[in-house]
Novice: 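Provided herewith is a single structure, encoded as structure tokens, for subsequent inquiry.
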There are 2 protein chains.
Amino acid sequence: MGEKSSTDMIHGNLDLLVLSALADERKYGYLIQQSLAAASAGMVHVQAGTLYPLLHRLEAEKLVRSSWDHSTGRKRKWYELTPAGRKRLTHQADQWQQYAECMSRMLRGALGSALSPAGGTL
Amino acid sequence: MGEKSSTDMIHGNLDLLVLSALADERKYGYLIQQSLAAASAGMVHVQAGTLYPLLHRLEAEKLVRSSWDHSTGRKRKWYELTPAGRKRLTHQADQWQQYAECMSRMLRGALGSALSPAGGTL
DNA sequence: ATGATATACATAGACAGGCGATACATGAAC
DNA sequence: GTTCATGTATCGCCTGTCTATGTATATCAT
């Protein structure tokens, strides 16, 4: 019930993930969704209702730019990183790394105690 | 100023951090605040307006239990993990670890490309 | 051909977590 | 006696994510 899906931890890092998905090549929304799912081995499911507004926001912030492709039957909106977006990607990835290491350190310490609690409540 | 503070990434993991702060010994709110800041070398600043409601929520979920101490001049509300809380801590820490590794893998891949972009836009 | 499913984009409303502001009370320092 | 650190608490706001819904085309099985 109270279980939080792993996608819950994503909060605040979705920008980063989407940016990272665009690092190697331009992609359209649906493709970003698929490639994130693939790259994360199914851990990351970005909902369409989350992704598209997010993409619009990134574009408004000039971190990505888009162009429509009507040549195929299904219209696709291709997104690519702007230089600013690429810069943001590296910066934010770096920040995340620092944060993750910090968390790991803290959790390692706590888990040591968790296995042998002071109160001996177990 | 679209800069997000590192505390922004905390979203959804604050429960976990607070739980971890209580792993080794019982603490009261203000002390949790201080010890998290110390353990994270200043990276994690839990606001009072965030912490206390969170603590109440954890207690409602039976993950922690509290008791007032009026013996000193300043009244303090001491919190300690329940067995359920300890279980949640280990479980959630494990989940986080998996998630973090996943993120790291994805970012490493992306950053490789970020330094040598396909479009050569740099 | 008809209907189900996958592709593809989009918006709207609800919800929850975290933040800033504010409040109040005690103890210590000056 | 006033200022600062301690200590707990609530409220309203913002933002990010989710669910539900809507539209339209391509593909595949029946």
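Keep in mind that what you see is a predicted model, and the values were worked out from it rather than measured. Letters go in sequence order (proteins before strands), and every chain restarts at 1.
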Novice: D:dT10, C:dT7, C:dA10: which one has an atom nearest the side-chain heavy atoms of A:Arg76?
Specialist: C:dT7

Novice: On the 0 to 90° scale, with breaks at 30° and 60°, tag the A:Trp78-A:Tyr28 ring pair as parallel, tilted or perpendicular.
Specialist: perpendicular

Novice: Return the value, rounded to whole Å, for the distance between atom CD of A:Gln47 and atom C1' of D:dG16.
Specialist: 13 Å

Novice: Rounding to a whole Å, what distance do you find between A:Asn13:CG and D:dT15:C1'?
Specialist: 14 Å

Novice: Mind calculating the distance between CG (A:Leu51) and P (D:dT19) to the nearest angstrom?
Specialist: 14 Å

Novice: Taking CZ from A:Arg57 and C1' from C:dT11, how many angstroms apart are they, rounded to a whole number?
Specialist: 16 Å

Novice: Is any side-chain heavy atom of A:Lys77 closer than 4.5 Å to one of A:Glu59?
Specialist: yes

Novice: So, for B:Leu107 and A:Ser20, which heavy atoms are closest and what is the spacing to 0.1 Å?
Specialist: CD2-CB, 4.0 Å

Novice: For A:Leu55 and C:dC9, give me the distance from atom CG to atom P, rounded to whole Å.
Specialist: 9 Å

Novice: List the residues meeting side chain to side chain donor-acceptor pair (under 3.5 Å) with A:Thr72, not counting sequence neighbours, and say none if there are none.
Specialist: none

Novice: Can you check the A:Leu36 CG to D:dT17 C1' distance for me, whole Å?
Specialist: 15 Å

Novice: Return the value, rounded to whole Å, for the distance between atom CD1 of A:Ile10 and atom P of C:dG17.
Specialist: 17 Å

Novice: What pairs with A:Tyr52 under ring-ring contact (aromatic ring centres under 6.0 Å, His included), at least two apart in sequence or on another chain?
Specialist: none

Novice: To the nearest angstrom, how far is A:Tyr52 atom OH from D:dT21 atom C1'?
Specialist: 15 Å

Novice: Which distance, rounded to the nearest 0.5 Å, do you find between the CG of B:Leu17 and the OG of B:Ser35?
Specialist: 10.0 Å

Novice: Restricting to ring-ring contact (aromatic ring centres under 6.0 Å, His included), what partner residues turn up for A:Trp96, sequence neighbours left out?
Specialist: none

Novice: Can you check whether B:His11 has a side-chain N or O nearer than 4.0 Å to OP1 or OP2 of D:dG16?
Specialist: no

Novice: Below 4.0 angstrom, which residues in residues 27-35 of chain A have at least one non-hydrogen atom near DNA chain C?
Specialist: A:Tyr28, A:Gly29, A:Tyr30

Novice: Sugar-phosphate atoms are those with a prime plus P, OP1 and OP2; base atoms are the rest. Using that split, label each nucleotide of nucleotides 22-30 of chain C B, S or - for protein heavy atoms under 4.0 Å, 5' to 3'.
Specialist: ----BS---

Novice: Between D:dT17, C:dT7, D:dA9, which one does the side chain of A:Leu54 approach most closely?
Specialist: D:dT17

Novice: Is any side-chain nitrogen or oxygen of B:Lys77 closer than 4.0 Å to OP1 or OP2 of D:dA9?
Specialist: yes

Novice: Of the listed nucleotides (D:dT10, C:dT11, D:dT17), which one gets closest to any side-chain atom of A:Leu14?
Specialist: D:dT17

Novice: Not counting sequence neighbours, list each pair that qualifies as a salt bridge (charged side-chain N to carboxylate O under 4.0 Å, His left out) and has a residue in residues 26-52 of chain B.
Specialist: B:Asp24-B:Lys27

Novice: Mind checking the CG-NZ spacing from B:Leu19 to B:Lys87? Nearest 0.5 Å is all I need.
Specialist: 13.5 Å

Novice: Please classify the nucleic acid contact of B:Trp78 as base, sugar-phosphate, or nothing, using heavy-atom distances under 4.0 Å.
Specialist: nothing

